[in-house]
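Worth saying up front: this structure is predicted, and the values here are computed from it rather than measured.
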Amino acid sequence: MANPSQCLEEGAGRWPPRPPGPYSEAQRLALEELVAGGPEALRAFLRREQLPPFLSEPEVQAIARGALPPAAGPEPAGEPSLGASLDASSLTYFPERSDLEPPALELGWPGFASGAFRGLTRVEAHFQPGCGESIYGCKEAVRRQIRSARQMIALVMDSFTDTDIFKDLLEACSQRQVKVYILLDQSSFSHFLKMCKDLGVDLGQEKLMRIRNITGNTYYTRSGAKIVGKVREKFMLIDGIRVTTGSYSFTWTDGKLNSSNILILSGPAVAHFDLEFRILYARSKPINLKELSSCRKNKMLDQLVRITVASRDLTRENFLRMEFLYLRAFAGNLKRKRSWLHASREAVYVSNNAMHASPPLTKRNGSLVMRPHWIIER
């Protein structure tokens, strides 16, 4: 392409047009229409302004569904993230400043000075499905990297539901005292928690593991509604000297069905991923382990209330099972336990003929009230 001086010398008489920048006011207004009025409003705006479509149909539907309405009140209190301090208003947007301290990497972080030697430059490429003996090349390479870690593992992932890889991380924490940091996309975080629940893993007990969630960029409209992007970065740092990155996600489908690839890098390139992880960690938000524990307790109480056995199965074994679940749900509250269990025994040991479909009544202070009891059915 000719430079500006060449264009003038050749008599063009004007500077060549600049390539379009990343910001487009027309596209911003189109997004406002989409969020406010839906896909039809967007199409009408594009026709009226004679603009070519810039969003595919899946993007249009995803933005229309995912746009969050203006907050009705202040957000619930919690540990703020560094990114949350960047207000959408142009009068207070200072990317280089923040009145919040970045969250500490309290488990420790390998100390490398700027430009420090991180090993020789090496690149390994793995593909899935692979050829020859290594059919599941990506998953096997990831698990080898986890098993090779001695100090620290830090990973960023869009979706993490592969139980084999998660068990490898748990083993690294418990057997080799490896510190593990995990940043997961907020939109898929619930699936990760479901995997932990299915495995019986209490994240609050994992002292060498820190798990936080993160989002992509957030776009604010004039009405206060916002569009939250997703995290598509996928990489895993090992001891600060190696990084695994590529299209492979830590899911069963990527491990068995989908075509994907990863690169294992060492050398100076690792420093860029080291910095990127710390930037993302500063933008991330913590999970409330106390709230999760409370949810588990409530679900256990639900399980306790839903215990169902037929009247012919009112055995000591079933009663002990109910008492065990009760103790798990209300450990420490002995006074309440004693009174409730006394009432439950009264219900359990009545004869089959005396069982009621509705809660039995007892007389108290001259009036009939419901007596605490177990609802027993199969």
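- No side-chain donor from either of Arg28 and Thr221 sits under 3.5 Å from a side-chain acceptor of the other.
- Through chains of ILVMFWY side-chain contacts below 4.5 Å, Val228 is grouped with Leu68.
- A continuous path of ILVMFWY side-chain contacts below 4.5 Å connects Ile165 to Met209, so both sit in one hydrophobic cluster.
- Residues Thr251 and Ser249 bring no donor and acceptor atom of their side chains to less than 3.5 Å of each other.
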query = Are Leu208 and Val178 close enough, and set up right, to give a side chain to side chain contact (heavy atoms under 4.5 Å, CB included), and what steps lead you there?
reply = CA-CA 7 Å; Leu208 294 180; Val178 175; over 6 Å; no
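- With hydrogens and angles left out, the side-chain atoms of Asp164 and Trp252 include no donor and acceptor closer than 3.5 Å.
- In this structure, a donor-acceptor pair under 3.5 Å is absent between the side chains of Lys234 and Ser247.
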query = Can Leu183 and Phe277 be said to form a side chain to side chain contact (heavy atoms under 4.5 Å, CB included), step by step?
reply = CA-CA 9 Å; Leu183 299 182; Phe277 183 87; 3.8 Å; yes
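- The side chain to side chain contact (heavy atoms under 4.5 Å, CB included) test applied to Ser174 returns no partner, not counting sequence neighbours.
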request  = Determine, step by step, whether Ser148 and Arg242 satisfy the side-chain hydrogen bond (donor to acceptor under 3.5 Å, both in side chains) criterion, reporting the C-alpha distance in whole Å, the side-chain angles of both residues, the deciding distance to 0.1 Å, and the verdict.
outcome  = CA-CA 10 Å; Ser148 71; Arg242 292 186 306 280; 2.8 Å; yes
For residues 50-60, run the donor-acceptor check on the side chains, cut-off 3.5 Å, and write out each pair with its distance to 0.1 Å, sequence neighbours left out.
from  : atom 1 : to    : atom 2 : distance (Å)
Ser56 : OG     : Glu59 : N      : 3.4
Ser56 : OG     : Glu59 : OE1    : 3.3
Glu57 : OE1    : Arg43 : NH2    : 3.3
Glu57 : OE2    : Arg43 : NH2    : 3.1
Glu57 : OE2    : Gln61 : NE2    : 2.7
Glu59 : OE1    : Ser56 : N      : 2.9

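- A distance of 8.5 Å separates CG in Leu42 from CD in Glu33, rounded to the nearest 0.5 Å.
- Shortest non-hydrogen contact noted between Pro70 and Ser223 is CG-O, 3.2 Å.
- Of the possible donor and acceptor atoms, one in the side chain of Glu32 sits under 3.5 Å from a partner among the backbone N and O of Arg222.
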message = Using the rule given for side chain to side chain contact (heavy atoms under 4.5 Å, CB included), can you reason through Thr218 versus Ile227, listing the C-alpha separation, both sets of side-chain angles and the distance that settles it, and then say yes or no?
response = CA-CA 6 Å; Thr218 301; Ile227 306 168; over 6 Å; no
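- Seen from the ring of Tyr181, Arg212 does not count as a face-on cation partner, given the 6.0 Å and 45° thresholds.
- Clustering ILVMFWY residues whenever any of their side-chain heavy atoms sit less than 4.5 angstrom apart, transitively, puts Met157 in the very cluster that holds Ile238.
- His126 and Gln128 form no side-chain donor-acceptor contact under 3.5 Å, judged by distance and modelled atom types alone.
- Cation-pi geometry between Lys226 and Tyr219 is not satisfied (NZ or CZ under 6.0 Å from the ring centre, within 45° of the ring normal).
- Not less than 6.0 angstrom separates the ring centroid of Phe250 from the ring centroid of Phe166.
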task = Carefully, step by step, assess Val180 and Ile211 under the rule side chain to side chain contact (heavy atoms under 4.5 Å, CB included).
result = CA-CA 8 Å; Val180 175; Ile211 304 168; over 6 Å; no
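- Counted within 6.0 Å of CG on Asn217, heavy atoms from surrounding residues, nucleotides or ligands total 12 or fewer; the atom is thus considered open.
- Centroid-to-centroid, the aromatic rings of Trp109 and Tyr281 stay 6.0 Å apart or farther.
- Using a 4.5 Å heavy-atom threshold, the side chains of Ile214 and Lys285 count as separate.
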